[in-house]
Amino acid sequence: MMKMTTMKMKERLEKELASAARTFRYDRDKDTLKVTEAGNSITLSIPQIIANWQENGEVAVEKIVYYVEEGLKASQANIDIRASLPNVYPVIRATSFPRKTKDDKALLVEDHTAETAIFYVVDVGSSYRFIEEDALSGTDVTLDDVRLAAFANLRTRATTMKKDTVSDNDYYFVRTNDGYDASRILNEPFLEEMRAKIEGEMVLAVPHQDVLIIADIRNNTGYDVLAHMTMDFFSSGLAPITSLPLVYNDGKLEPIFIMAKNRPKE
C-alpha cells in the first residue's frame, strides 16, 4: 500500500467531496479539514482517517465521504418536533462533546455518567440530525416527551450480538451499524436481560458510537482484555466516546479505571 500523507488525504477528500455550494478549510496546526455547506460544517481529523484507511483500505474513505454527505444533508432539514417524535433517538457522546452548534444554539442534552452524555437526534434515513433546544420553542412538546419517545423507539430496534470468550471471560459485541449501537446502553430491559445471564461482574464499554461491549468478567485477565479492547475501538471510531469501561450494578453505571494486571478497586 502506498504511503499516505496528510496533504494527499486532504486533497483526496476535497476532490471526493467537491461541490459548488461547499467550502473547505484546512487547519495545519490541528491537521483537520472543515467542510462547510449552507452554514453547516463537519470537521474531519485527517490523521484518524489515514489510520482507518491503513487498516480498512478504500472503504474507510468511502465511509467518511458518505458520512459527510449525509450529515450535511441532514443538518439542512427543518425539524418539526411533534411530527418527528416517531423518529427521535438518544445518542451517547463524551461529556466533552460540544453542547452548542457552531452558531451558538444549545443542543438538547442530558447528563448520563461522569464520562458520557445523552443527546437527542431525529433519524432522517441514512443519517440523523441533533435536536436543538429551539426546536421545542413554541410547541407543546417537552424534553420529557422527547426522552420517552426516544427511549421507546430505541427499544424497538433489534439488538444482535456476537460473543467472544477469552480466558473464561465472555464478551458480547453489539455492532449493527445503525448509528445507535452505543445508545443501546440506555435500553434498560436489555441490560436487565443481560445481567440475568451474566455470571461474573457485568462491565460495559462504549468506546465509539458504533459499538457496545458487554463483558462477563470472571477473573483479573478479563479486565485487562476489556481495557485493551476498549482502547483499540476508541482509537479507531468515527465518533469516539470513552475508553473507560462502566460497571453495571443495581441498574446504575459507574466508570472504572483499569490498571493493567490489576482488578479495579471498588
Side-chain angles (χ1 to χ4, degrees), residues 10 13 17 22-49 51-52 63-79 81 84 87-124 126-137 141 143 146-147 150-151 154 179-183 185-186 205-212 230 233-244 246 253 255:
K10 168 191 170 288
L13 290 166
L17 290 163
R22 218 168 268 167
T23 60
F24 301 94
R25 184 158 169 251
Y26 174 61
D27 185 322
R28 194 176 295 277
D29 295 332
K30 294 179 184 169
D31 258 359
T32 56
L33 182 66
K34 186 176 179 181
V35 189
T36 304
E37 184 178 343
N40 302 293
S41 60
I42 291 175
T43 302
L44 305 172
S45 164
I46 294 182
Q48 192 176 47
I49 294 170
N52 279 342
K63 199 170 172 183
I64 283 288
V65 168
Y66 179 77
Y67 160 78
V68 173
E69 297 279 7
E70 293 299 328
L72 288 171
K73 201 188 299 175
S75 59
Q76 288 167 45
N78 286 325
I79 291 178
I81 196 66
S84 297
N87 299 307
V88 298
Y89 287 91
V91 293
I92 294 286
R93 286 292 184 270
T95 42
S96 58
F97 190 83
R99 295 183 173 222
K100 288 187 174 180
T101 63
K102 297 281 191 297
D103 48 1
D104 215 35
K105 288 184 178 170
L107 295 173
L108 210 55
V109 57
E110 294 190 285
D111 293 332
H112 181 231
T113 72
E115 290 292 310
T116 52
I118 303 167
F119 288 78
Y120 292 97
V121 301
V122 174
D123 191 286
V124 287
S126 46
S127 185
Y128 49 64
R129 181 175 174 188
F130 285 88
I131 301 172
E132 296 163 8
E133 285 181 3
D134 284 358
L136 274 56
S137 301
V141 178
L143 173 56
V146 173
R147 184 193 307 111
F151 280 47
L154 180 70
Y180 307 103
D181 288 322
S183 300
I185 199 170
L186 301 170
V206 281
H208 64 67
Q209 76 161 17
D210 296 316
V211 66
L212 165 63
T230 306
F233 275 110
F234 179 72
S235 58
S236 67
L238 273 182
I241 300 174
T242 176
S243 59
L244 283 190
L246 305 145
L253 290 161

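Residues take their numbers from the sequence shown, with the count starting at 1.
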Evaluation steps, side chain to side chain contact (heavy atoms under 4.5 Å, CB included), between Thr32 and Tyr26: CA-CA 6 Å; Thr32 56; Tyr26 174 61; over 6 Å; no

Quiz: residues 88-97 side-chain donor-acceptor pairs under 3.5 angstrom, not counting sequence neighbours:
from: Tyr89; atom 1: OH; to: Arg157; atom 2: NE; distance (Å): 3.3
from: Arg93; atom 1: NH1; to: Gln209; atom 2: OE1; distance (Å): 3.4
from: Arg93; atom 1: NH2; to: Tyr128; atom 2: OH; distance (Å): 2.9
from: Arg93; atom 1: NH2; to: Gln209; atom 2: OE1; distance (Å): 2.8

Non-hydrogen side-chain atoms of Val206 and Val211 separated by less than 4.5 Å: no

Pairwise side-chain contact, His112 with Ile185, heavy-atom cut-off 4.5 Å (strictly under): yes

Heavy-atom check, side chain of Ile131 versus side chain of Leu107, under 4.5 Å: no

Separation of Arg28 CZ from Ile46 CD1 (nearest 0.5 Å): 10.5 Å

Approximate separation, where rounding is to 0.5 Å, of Ile241 CD1 and Ser183 OG: 7.5 Å

Tyr120 side chain near Val109 side chain, heavy-atom distance below 4.5 Å: no

Spacing of Leu33 atom CG and Phe24 atom CZ [to the nearest 0.5 Å]: 6.5 Å

Beyond-backbone contact of Leu13 with Ile64, side-chain heavy atoms, under 4.5 angstrom: yes

Side-chain touch Asp210/Phe233, heavy atoms, less than 4.5 angstrom: no

Val122 side chain reached by Phe130 side chain, heavy atoms, under 4.5 Å: no

Full working for side chain to side chain contact (heavy atoms under 4.5 Å, CB included) between Val35 and Ser41: CA-CA 5 Å; Val35 189; Ser41 60; over 6 Å; no

CA sep, side-chain torsions, deciding dist, call: Leu136, Leu108, side chain to side chain contact (heavy atoms under 4.5 Å, CB included): CA-CA 9 Å; Leu136 274 56; Leu108 210 55; 4.1 Å; yes

Salt-bridge criterion met for Arg147 and Glu110 (N-O under 4.0 Å): yes

Approximate separation, where rounding is to 0.5 Å, of Ser45 OG and Asp27 CG: 11.0 Å

Distance (rounded to the nearest 0.5 Å) between Tyr180 OH and Leu212 CG: 16.0 Å

For the student: nearest non-hydrogen atoms of Ser235 and Gln48, plus distance: O-NE2, 4.2 Å

Arg22 with Glu69: basic N within carboxylate O range, under 4.0 Å: yes

Shortest non-hydrogen separation from His208 to Ala182 and the atoms involved: O-CB, 3.6 Å

Note, Thr242 side chain near Pro255 side chain (heavy atom, < 4.5 Å): no

Reported OG1-to-NZ distance for the pair Thr43 and Lys30, which is rounded to 0.5 angstrom: 8.5 Å

Heavy-atom closest pair, residues Thr113 and Thr116: OG1-OG1, 2.6 Å

Residue Arg25 excluded, over 12 heavy atoms near CZ under 6.0 Å: no

Heavy-atom pair of closest approach, residues Phe119 and Pro98: CE2-O, 3.6 Å

Test salt bridge (Lys or Arg N to Asp or Glu O under 4.0 Å) applied to Asp111 and Arg99, step by step: CA-CA 11 Å; Asp111 293 332; Arg99 295 183 173 222; 3.6 Å; yes

